[in-house]
Amino acid sequence: MKNRKLLFLFAIFLTLGMLLAACGGGDDSEGENADSESGSDSESNETTEASEESTDFSSAMVTDVGGVDDKSFNQSAWEGLQAWGEEHGLEEGEGFDYAQSNDDSDYQPNLNRLVREDFNMVFGIGYKLEDAISEVAGQYPDTNFAIVDSVVEGDNIASITFADHEGSFLAGVAAANKTNTDKIGFVGGTDSDLINKFESGFVAGAKTVNPDIEVEVQYAGAFDAPDDGKLIASNMYNNDIDIIYHASGATGNGVFAQAKDIKNNDAEREIWVIGVDRDQYEEGAIGDQNVTLTSMIKRVDNSVQQVSNMAMDGEFPGGEVLEFGVEDEGVGLADTNEEAYTDDIAQPVDEWKQKIIDGDVEVPQTHDELDEYLNSL
C-alpha cells in the first residue's frame, strides 16, 4: 500500500516537472523566435535602404565626330553624364558610358550597341545624329532617347535645344565693347541652320552696339578640323581682326592655337578668342597671359544630367522639345578672365541680357531674320 502511494506521488512530481520544463522551453523558443524575427526585420530594412540608395537605371551617350575631349560641346555633355553617374554612385562602363564616333557612319552602330548593352537612356550629341536617332528610336520603343541641339519627333525621344542666338548676341555685345580695331570675326563649323543661329546672334549683338563694326564670317566645313581653324584664324588676325568668336567644336582648337602663336611672337598685341559651349578659359592660357576673352556657355552638361534624372524618376519628357535660354541660365557668358572681361564689358552685357529676358529685343536666328534686324537699327 505504501509503495503504491509513493509511486503515485512520484508520478505527480514527474508530471509537474515535465510541465514546468515545457513552459520554460516555450519561453526560450519565443525569445529565439523574437530574436530571429527582429534580425529578419533588420536585414529587410538594410536591404530596402540599400535598394533606395542604388539604382539599376543607366544612361549613355554617342558623341559626334568631335569626341569627348573636344574641349567644347561633346566634352560638356560627357561632363554632365559623369556628374549624373557620380550623383548616383555609378561606375563608368556600367551605370554610364559613351560611344565615340569617328565619322558619320558610326552614329547608328554606336546607338544600336548602347541599346544592346541595355542602357535605359541614350543621348545623341549634336544635330548630325538626327537621322540615326530617328531610325534607332523607332526600332526600340522601350528605350529612352534624347538628341541635343536638334528636334526629332518620337514618343520616346526628347529634343534638347538651346537659345544659342541669345547667348551669341551677348558675345557680340562683349566683342563690340572690347575691340580696338572695330573688326571682329566668326568661325563656324558647318554652314547649317544650327550654326547660323550662333552667327546671326553674334553679328546682331555686335552691330547693335556699333552698326559700323565689321564682322567677317567663315565656315570651316567641319567640327573636327583644327588645322583649318588655325588657317582661317591666321588670315583673320592678319586682316586686323582682333577678336574671333568660334562655334566650331574641335576646329576651334586651331583658333586658340593661332591666337597663342601670335601672342608668343608679340606679347603686347591684344588679340582674343571667344570660346563656345563650355568655359574655354584654360584653352587660352599662355604663360601668365590668357587669350580667352569670354566663352558663350551652353549648359549641355546640366541638360544631360537633368534629363537623365527625369528618365530615371519616371518623368522622361518623351515627344517634348526642351529649350534652355538666357532666362533660365541655359546660355550665357563666362566671366573667368577678370583682367579682360572687365566691368565696362560686363555691364552692357548684363543690360542687354535683361532686355532679352524682358522681351525688349528679339534676337534673330536666321540670315533672313538678321537682315531684317539690321535694317531696323
Y107 and N110: side chain donor to acceptor below 3.5 Å: no
Q354-D358 side chain donor-acceptor pair, cut-off 3.5 Å: yes
Polar side-chain atom of S168 near backbone of D164 as donor-acceptor pair, under 3.5 Å: yes
Polar side chain donor-acceptor pair, S101 to D106, under 3.5 angstrom: no
Side-chain touch F324/K298, heavy atoms, less than 4.5 angstrom: no
Full working for side chain to side chain contact (heavy atoms under 4.5 Å, CB included) between W272 and Y245: CA-CA 9 Å; W272 305 101; Y245 172 42; over 6 Å; no
CG (D371) with more than 12 external heavy atoms under 6.0 Å: yes
Side chain to side chain contact (heavy atoms under 4.5 Å, CB included) between V62 and Y98, worked out: CA-CA 6 Å; V62 175; Y98 74 91; over 6 Å; no
Pair E86-Q82, side-chain donor/acceptor within less than 3.5 Å: no
Under 3.5 Å: donor-acceptor pair, side chain of T63, backbone of V68: no
CD/E362: more than 12 non-hydrogen atoms of other groups inside 6.0 Å: no
Note: R113-E117 ion pair, threshold 4.0 Å (strictly below): yes
Donor on one side chain, acceptor on other, N74 and D64, under 3.5 Å: yes
Short side-chain donor-acceptor distance under 3.5 Å, N196 and T366: no
Salt-bridge present (E327, K353; N to O < 4.0 Å): no
Crowding at CD, Q139 (>12 non-hydrogen neighbours, <6.0 Å): yes
Atom CD of E372 with >12 non-hydrogen neighbours under 6.0 angstrom: no
Distance-only side-chain donor-acceptor flag, T251 / Y219, under 3.5 Å: no
E282 atom CD: more than 12 heavy-atom contacts under 6.0 Å: no
Working for side chain to side chain contact (heavy atoms under 4.5 Å, CB included), residues T143 and N120: CA-CA 6 Å; T143 301; N120 307 104; over 6 Å; no
Close side-chain approach of M236 and I232, heavy atoms under 4.5 Å: yes
Donor-acceptor side-chain pairing of Y373 and T208 below 3.5 angstrom: yes
Any donor-acceptor pair under 3.5 Å from N337 side chain to T292 backbone: yes
Same apolar cluster (I L V M F W Y, side chains within < 4.5 Å links), V307/V115: no
No-hydrogen, no-angle side-chain donor-acceptor test under 3.5 Å, H165 and E199: no
Side-chain (N238) to main-chain (S234) donor-acceptor, under 3.5 angstrom: yes
Distance-only donor-acceptor check, side chains Q280 and H246, under 3.5 Å: yes
N/O donor-acceptor pair under 3.5 Å between D313 side chain and E315 backbone: no
Donor on one side chain, acceptor on other, T181 and D240, under 3.5 Å: no
Donor-acceptor side-chain pairing of N309 and E87 below 3.5 angstrom: yes
ILVMFWY network linking V152 to I125, side-chain heavy atoms under 4.5 angstrom: no
Electrostatic pair K230:D261 at N-O distance under 4.0 angstrom: yes
With T179, the side chain to side chain contact (heavy atoms under 4.5 Å, CB included) member among I213, L293, V209: I213
Residues, nucleotides or ligands: over 12 heavy atoms within 6.0 Å of D155 CG: no
Check: S248 side chain, F223 main-chain N or O, donor-acceptor pair, under 3.5 Å: no
Centroid-centroid distance, W78 to F96, less than 6.0 Å: yes
Expected output: side-chain K207 to main-chain G172 donor-acceptor under 3.5 Å: no
Step-by-step side chain to side chain contact (heavy atoms under 4.5 Å, CB included) determination, W352 to F169: CA-CA 9 Å; W352 282 103; F169 184 95; 3.9 Å; yes
